[in-house]
Amino acid sequence: MAHSKNRATDGKITYPPGVKEISDKISKEEMVRRLKMVVKTFMDMDQDSEEEKELYLNLALHLASDFFLKHPDKDVRLLVACCLADIFRIYAPEAPYTSPDKLKDIFMFITRQLKGLEDTKSAQFNRYFYLLENIAWVKSYNICFELEDSNEIFTQLYRTLFQVINNGHNQKVHMHMVDLMSSIVCEGDSVSQELLDTVLVNLVPAHKNLNKQAYDLAKALLKRTAQAIEPYITNFFNQVLMLGKTSVSDLSEHVFDLILELYNIDSHLLLSVLPQLEFKLKSNDNDERLQVVKLLAKMFGAKDSELASQNKPLWQCYLGRFNDIHVPVRLECVKFASHCLMNHPDLAKDLTEYLKVRSHDPEEAIRHDVIVSIVTASKKDLSLVNDQLLNFVRERTLDKRWRVRKEAMMGLAQIYKKYALQAEAGKEAAKQISWIKDKLLHIYYQNSIDDRLLVERIFAQYLVPHNLETTERMKCLYYLYATLDGNAVKALNEMWKCQNMLRHHVKDLLDLIKQPKSDSYSKAVFSKVMVITRNLPDPGKTQDFVKKLAQVLEEDEKIRKQLETLVSPSCSCKQAEVCVKEITKKLGSPKQPSNPFLEMVKFLLERIAPVHIDTESISALIKQVNKSIEGTADDEDEGVSTEQAIRAGLELLKVLSFTHPVSFHSAETFESLLGCLKMDDEKVAEAALQIFKNTGSKLEESFPHIKSVLLPVLQQKAKKGPPRQAKYAIHCIHAMFSNRDTHFAQIFEPLHKSLDTDNMEQLITPLTTLGHLAMLAPEQFAAPLKSLVANFIVKDLLMNDRIPGKKTTKLWVPDDEVSPETLAKIQGLKLMVRWLLGVKNNQSKSGNSTLRMLTAILSSDGDLTEQGKMGKPDMSRLRLAAGCAVLRLAQEPCYHEIITLEQYQLCALVINDECYQVRQAFAQKLQKGLCRLRLPLEYLAVFTLCAKDPVKERRAHARQCLVKNINLRREYLKQHAAVSEKLISLLPEYVVPYAIHLLVHDPDYVKVQDIEQLKDIKEALWFVLEILMAKNENNSHAFIRKMVENIKQTKDGQCPDDPKINEKLYTVCDVAMNIVISKSTTYSLESPKDPVLPARYFTQPDKNFSNTKNYLPPEMKSFFTPGKPKAANVLGAVNKPLSATGKLQTKLSRMETISNASSNSNPSSPGRSKGRLDSADVDHSENEDISMKSPSETEKPSRGRKRGAAANQDDKGQESKPKRGRKKAANTSTDDAEDQWGEDSSMAEATLETEDEQNSPPKRGRRGRPPKSAASKDETSSKGRRGCKKTAPPADEENEEEQEEEEDDEDDAGSENMEVKPKGRRGRKPRGEADTASDSVESTPQKRRGRPPKSQTAARKASGGRSRAAAKQEEESEEEMDIAQQSEDEEDESMDSSPKVRRKVGRRDRR
């Protein structure tokens, strides 16, 4: 090399053969030509050519002069660069250039020439590629490692390569670039931050999107150099993340983006960085935590990511951010869940618990996104989500926010359609989500009209898609109906009923519009507009739109015609679609894309359009039922038995016969129904009879051939069919045939003459038939009916006990175990009542005699003859029948007037009967009559007696009944302002005087000043006042106070001259007054109206008498705790989101949540004002004042109230059991009875006579309230599971006649309707409760009268108190709306068979 240097110093440049001197004196073209020959020479040389290397050394030095390096022509520069690259190759490993500055200039020059690679279409591209290939292969740039400015050279090279790379380059270019750059990283001593930034900047999303090829190049480089570059990457992130030195790099702000990209490229690049992220997840900076969470969400959620399994501490730390205090952080975590579930099903278990907490997050957006995440994963593949995750979506269908509820409902609907209807994942998946259809329909019980409209939309689009072909659509509906649970069926029935009702309202509006205008016209139209408005979302805004629609209908005849077609009973589904399109097209405007008026019209059309049912559909449905009957349907494949499918199909047809009767008018349909009448299945035949009754009004004239076959069948059913079929047969004849009198006579005469008590089983159907004939045609059979009632029903049937009842300690047995004699007696009672309801007058005093008979049954515990032959279950049945009979008569004004206060009070005590099923069924009957506004207001006060019911479900049900009735009456008064003259019978506040009077005459209230008894009184009053005072509407608190004050100025109307009764009255008034004062801040204001007291209950106030005395003992004051009553809110309280784990609950929030799992029977109806209170399930705050006793006291059976001496003597001598209502019962046998019933009255008189009334205290009606401890014990035994109880829907009441006709028929229903057992928390036993079997509790009836001892009550409360943890658990698990096990329209089918609850309790006599 020394020789070369010597040659170089000579200064003589040797050019290759044929190449003349290259200098600035020649032209550019010539220079290029000569340089090409030089390039060719260097290209052909190799490293072993020592002579040539020495020969051309000066030429090599010459080519590196500034003349060439700074030459203006790019072709010259390119050729020089190629020569220099070859020179480095030839002279390697030593370069001929020794000056560091010159080396820097040369490599910077070569780097600049590499920019020519950008244009792949250039003629010189191959030379640029040769240059790249040469320097990459030789690793020429490695010479720069020794230079001080090496970093600048490398950085410029990297920048140039990243700039020029593009999609025009082939794989070789890409490879050579990677080779060139990777050699610098791998073989160098260090990587500067500047050089690292040059690489990493291409990973930043903004740059990545601009130049994908640069990103790919950087990615390939990093993969190639991962091991070498990792320490420098770690150092960079350490500087930025841990030390906060953001100035070290311009990329500091993109640090999290870079981490994600680097992880995706090669996770080994971040081996030392990931632990730093765990630290950052716990940063105090909200934004920083959010950025880290976003980053990790992408890293954990990536499809092939194994980060969670590789770095479990980081995964657990990340999961902790689901509970972050910062809302956006929690939201980001929740959004990540869907990707994680879809890409990593194995992590679902870890996510489930955290999603559970977030599904109850206080933030609406987070709860919403939990739903979105789970539903998104479910729609991709159902196997990705477990049942627990789907259950979170289920819970959110009852969220307090509409947006969340809507998302949850729509999500479930989409999942159901995909996996159940379209069966995309097979039968197992369909079975897994089969609950969705029931759950979605249960939501129809919500108060919100938005919820109900969405359920209707979901039904039409997802459950039974309306766009299916008719046969397929009806098959879908058929099997859906057959597989729905009972409450979902009722919701679906209610949905059709509501739609049908709205259809009728629109039809009425159309009829009104066609009438000539007048003063009454405007009022009528406005009234109908208001009714329609209440059936649409946001009634406040909708009202104006409905008014506008009414104007449009007046002016536009075309739209009116289309709407008339739509609401016509004969409108087909296809016609309906056409009409809807035409109306929306006509009302829509292209200029106004967002049209609230059009949206409202669409909502209305959506509800009233018959998109599922028409004549063709009914025909298809009938054919589907026939297939099941013939055994050719694929019932088993659909998951139902053939019997179940047939029964459900007939039930479906029965419901549709109410809402779409015209669609049944075809011979084919009626002939199929005739076939069903002849089937052995009683339920099928019953349904067929009801369908005939609902749809057969024109059958006689339109289908005479059907009539000729049907009539004999109906007559046969009426005479010898099962009782329920006999009933429906009579009503069919009444509804369908013109000469019904003749047909009735043909049935009545043989049945009347053949009545025989020797065969009780054969007596039940005739009595049922005669009872309905008596109600439908009382005048036609007036004389024989009177004789029948007096001589046969009373004398032969009711006043004789022929067959001794089974000796059992049970108070209730299933229907099939009830003796035929008892069933016959119940039908006899019903016959009497139906006859009176048919006559509707009391001219012959038959009503008085019947009422005395009924109250005699109640007074004697159901054993009218008192011969002791009857079994306890039979006595319970008769008490229930008698109590319900009084309620039926009380609904008719002419009989309500003659019910005495004593009879009313005795009837009221049935709600405290010792038998749970009697209490339950009676309460349901009472509720039904009150909701129809048929029972007078004083019967609402009966529910106050439920305050001390030992069974929680009964108290909750009673409270809900009160709420519903109070809201119903208030709503009625708002809508009917003109009924002010009936205010005393409608205004719910007027229940207070009745409640006070009822409690004054409560058999438990014996000692006027007894603290324990007064606390019971206070509890009962608070039971109703809490609901009345929840809202101070129109200053009602002051009105109640004034009413109580006025009562204190009167005397008891029942016993005006009895000082003890009057003292009780004033004492109870003081209790009520103290409650009002302690719970209200506005009671002292002026009352809006002067209360009117019921004259039967109280005497006229004495103006000269001012009763200001306080009758309460001083000790009572401490039991009136101040505080506002809890609002009777429904949706908000029920759907209050549950707090995150670890946060303390307020008492109110706990009570709100408890209510969700409380009631066994919710009287709410989707069609009416539904109320579910936020504390229905707990002892109310008033109860908390009662001091607790030790659990051991609950086992002392005889602790209780103090009584008078005579009462104590009675209790000690338990040999003879005092009977119910002896004093009142004595009056039941009077001369009127003799006149009415004849000889049998003397027997009744003897039976009901009292024992030595003068020497013993007056005996009041016995009321067998069970002891709370026993009931609580049995409660636990009957609770099979803990869960949400559903709201009971109402009966399908098509019209009042049908309601009344159905109401008495429940005795004949199957026992399955009675098997509902009250449910509560999972099998908890109250503390101090005896461990004896429930049968043993029942087998020892308690003789002492009165409510359960206080010790038991206190212990029950002590045991009922829940720990915070328990409350928490219930909050998180039981948020669904309560849906009753026994609905009101089950009552229509099975009154006497009230739900069977294994509630085995002893009876307590009452004084």
Side-chain angles (χ1 to χ4, degrees), residues 449 497-572 575-589 592 595-610 614 658-663 665 697-698 701-702 933 971-982 1167 1293-1297:
I449 189 70
K497 176 183 159 188
C498 291
Q499 290 174 338
N500 188 53
M501 199 179 298
L502 183 58
R503 207 173 290 127
H504 282 294
H505 288 319
V506 174
K507 190 172 185 298
D508 293 343
L509 178 64
L510 289 167
D511 292 340
L512 280 171
I513 287 172
K514 288 190 282 188
Q515 294 177 5
K517 293 190 177 182
S518 63
D519 293 339
S520 60
Y521 167 84
S522 299
K523 290 181 180 178
V525 169
F526 177 75
S527 175
K528 192 55 67 176
V529 163
M530 293 304 295
V531 171
I532 294 171
T533 298
R534 284 196 292 274
N535 288 277
L536 296 170
D538 197 355
K541 295 179 182 177
T542 304
Q543 182 179 335
D544 294 334
F545 293 142
V546 180
K547 286 180 184 175
K548 183 179 175 182
L549 177 63
Q551 291 176 351
V552 170
L553 292 172
E554 284 181 24
E555 298 163 3
D556 195 320
E557 185 178 356
K558 188 174 180 182
I559 292 181
R560 191 169 67 244
K561 292 283 186 188
Q562 293 282 6
L563 197 55
E564 284 174 355
T565 304
L566 190 64
V567 297
S568 165
S570 58
C571 179
S572 70
Q575 278 181 303
E577 287 186 26
V578 172
C579 291
V580 169
K581 285 179 183 176
E582 288 294 325
I583 294 171
T584 51
K585 183 179 178 182
K586 187 86 173 172
L587 294 176
S589 170
Q592 193 177 3
N595 187 344
F597 170 63
L598 182 60
E599 289 302 312
M600 183 283 299
V601 173
K602 284 181 178 177
F603 269 122
L604 179 62
L605 297 178
E606 201 172 283
R607 294 205 76 185
I608 64 175
D614 57 11
F658 281 106
T659 55
H660 301 78
V662 175
S663 300
H665 289 178
S697 56
K698 296 181 180 178
E701 54 189 62
S702 303
L933 300 182
E971 191 63 30
Y972 184 87
L973 287 171
K974 285 177 186 175
Q975 295 172 18
H976 302 82
V979 296
S980 55
E981 69 279 0
K982 297 181 180 178
E1293 303 154 358
E1294 185 63 21
N1295 51 57
E1296 282 298 319
E1297 287 299 319

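Computed over heavy atoms, backbone and side chain alike; hydrogens, waters and symmetry mates excluded. Start at 1 with the first residue, then count along the sequence.
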Student: Is there a donor-acceptor contact under 3.5 Å from the side chain of R560 to the main chain of L553?
Tutor: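 Yes: the side chain of R560 pairs with the backbone of L553.
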
Student: If you compare all heavy atoms of V567 against all heavy atoms of I608, which two are closest, and at what distance to 0.1 Å?
Tutor: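 Here V567 and I608 meet closest at CG1-CD1, 3.9 Å.
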
Student: Would you mind checking if K514 and E557 are paired as a salt bridge, meaning a charged N to carboxylate O distance below 4.0 Å?
Tutor: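 Between K514 and E557 there is no salt bridge, as every charged N stays at least 4.0 Å from the carboxylate O atoms.
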
Student: Show the numbers, then the answer: is there a side chain to side chain contact (heavy atoms under 4.5 Å, CB included) between L536 and I449?
Tutor: CA-CA 7 Å; L536 296 170; I449 189 70; 5.8 Å; no

Student: Spell out, as yes or no, whether a donor-acceptor pair under 3.5 Å connects the side chain of N535 to the backbone of V531.
Tutor: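 Side chain of N535 to backbone of V531: a pair is present.
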
Student: Answer yes or no: is there a side-chain heavy-atom contact under 4.5 Å between F545 and V601?
Tutor: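 They are not in side-chain contact.
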
Student: For V529, is there any backbone N or O sitting under 3.5 Å from a side-chain donor or acceptor partner on T533?
Tutor: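 Indeed, once roles are kept as given, a pair shorter than 3.5 Å links the two residues.
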
Student: Decide whether a cation-pi geometry holds between K548 and F597; the criteria are a distance under 6.0 Å from NZ or CZ to the six-membered ring centre and an angle within 45° of the ring axis.
Tutor: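 Ring-cation test returns yes.
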
Student: Using 0.5 Å steps for rounding, measure from the CD1 atom of I532 to the CG atom of L509.
Tutor: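 The distance works out to 4.5 Å.
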
Student: Give a yes or no answer on whether the side chain of Q575 reaches the backbone of S572 with a donor-acceptor pair at less than 3.5 Å.
Tutor: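 Yes; at least one donor-acceptor contact below 3.5 Å.
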
Student: Nearest 0.5 Å, what's the CG-CG distance between D544 and L549?
Tutor: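 Result: 12.5 Å between the selected atoms.
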
Student: My understanding is that only residues two or more places apart in sequence, or in another chain, count here; which of them pass salt bridge (Lys or Arg N to Asp or Glu O under 4.0 Å) with D508?
Tutor: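 D508: salt bridge (Lys or Arg N to Asp or Glu O under 4.0 Å) contacts with K528.
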
Student: Could you tell me whether the side chain of T542 and the main chain of P537 form a donor-acceptor pair under 3.5 Å?
Tutor: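 Yes, because the side chain of T542 sits within donor-acceptor range (under 3.5 Å) of the backbone of P537.
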
Student: Might you point out which heavy atoms bring A576 and A609 nearest each other, and give the distance in Å?
Tutor: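 The answer is CB-CB, 4.4 Å.
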
Student: Does any non-hydrogen side-chain atom of P516 lie less than 4.5 Å from one of Y521?
Tutor: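 No, too far: nothing below the 4.5 Å cut-off.
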
Student: Mind checking the CG-CG spacing from L510 to L563? Nearest 0.5 Å is all I need.
Tutor: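 Rounded to the nearest 0.5 Å, the CG-CG separation comes to 4.5 Å.
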
Student: Kindly indicate whether the side chain of V546, heavy atoms from C-beta on, has any atom under 4.5 Å from the side chain of L604.
Tutor: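 Of all side-chain heavy-atom pairs linking L604 with V546, none is under 4.5 Å.
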
Student: Can you sort out the partners of E554 under salt bridge (Lys or Arg N to Asp or Glu O under 4.0 Å), two or more places apart, ordered by chain and number?
Tutor: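 Checked E554 against salt bridge (Lys or Arg N to Asp or Glu O under 4.0 Å); matches are K517.
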
Student: Once rounded to the nearest 0.5 Å, what's the spacing between atom CZ of R503 and atom CG of L566?
Tutor: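 Those atoms lie 8.0 Å apart.
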
Student: Going by the rule salt bridge (Lys or Arg N to Asp or Glu O under 4.0 Å), which residues pair with K541 if we only count those two or more places apart in sequence or in a different chain?
Tutor: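 With sequence neighbours excluded, K541 shows a salt bridge (Lys or Arg N to Asp or Glu O under 4.0 Å) to D538, given in chain and number order.
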
Student: Working to the nearest 0.5 Å, report the span between CG of L598 and NZ of K585.
Tutor: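 NZ of K585 is found 13.5 Å from CG of L598.
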
Student: What heavy-atom pair brings P569 and V662 nearest, and what distance separates the two atoms?
Tutor: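 Closest approach of P569 to V662: CB-CG2, 3.6 Å.
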
Student: Using 0.5 Å steps for rounding, measure from the CD1 atom of I513 to the CD atom of Q551.
Tutor: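 Nearest 0.5 Å value for the CD1-CD distance: 10.0 Å.
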
Student: With a 4.5 Å cut-off on side-chain heavy atoms, are R607 and C498 touching?
Tutor: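 SC-SC contact between C498 and R607 confirmed.
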
Student: Check whether any side-chain N or O of T565 sits under 3.5 Å from a backbone N or O of K561 as a donor-acceptor pair, and report yes or no.
Tutor: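 Pair found, side chain donor or acceptor close to backbone of K561.
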
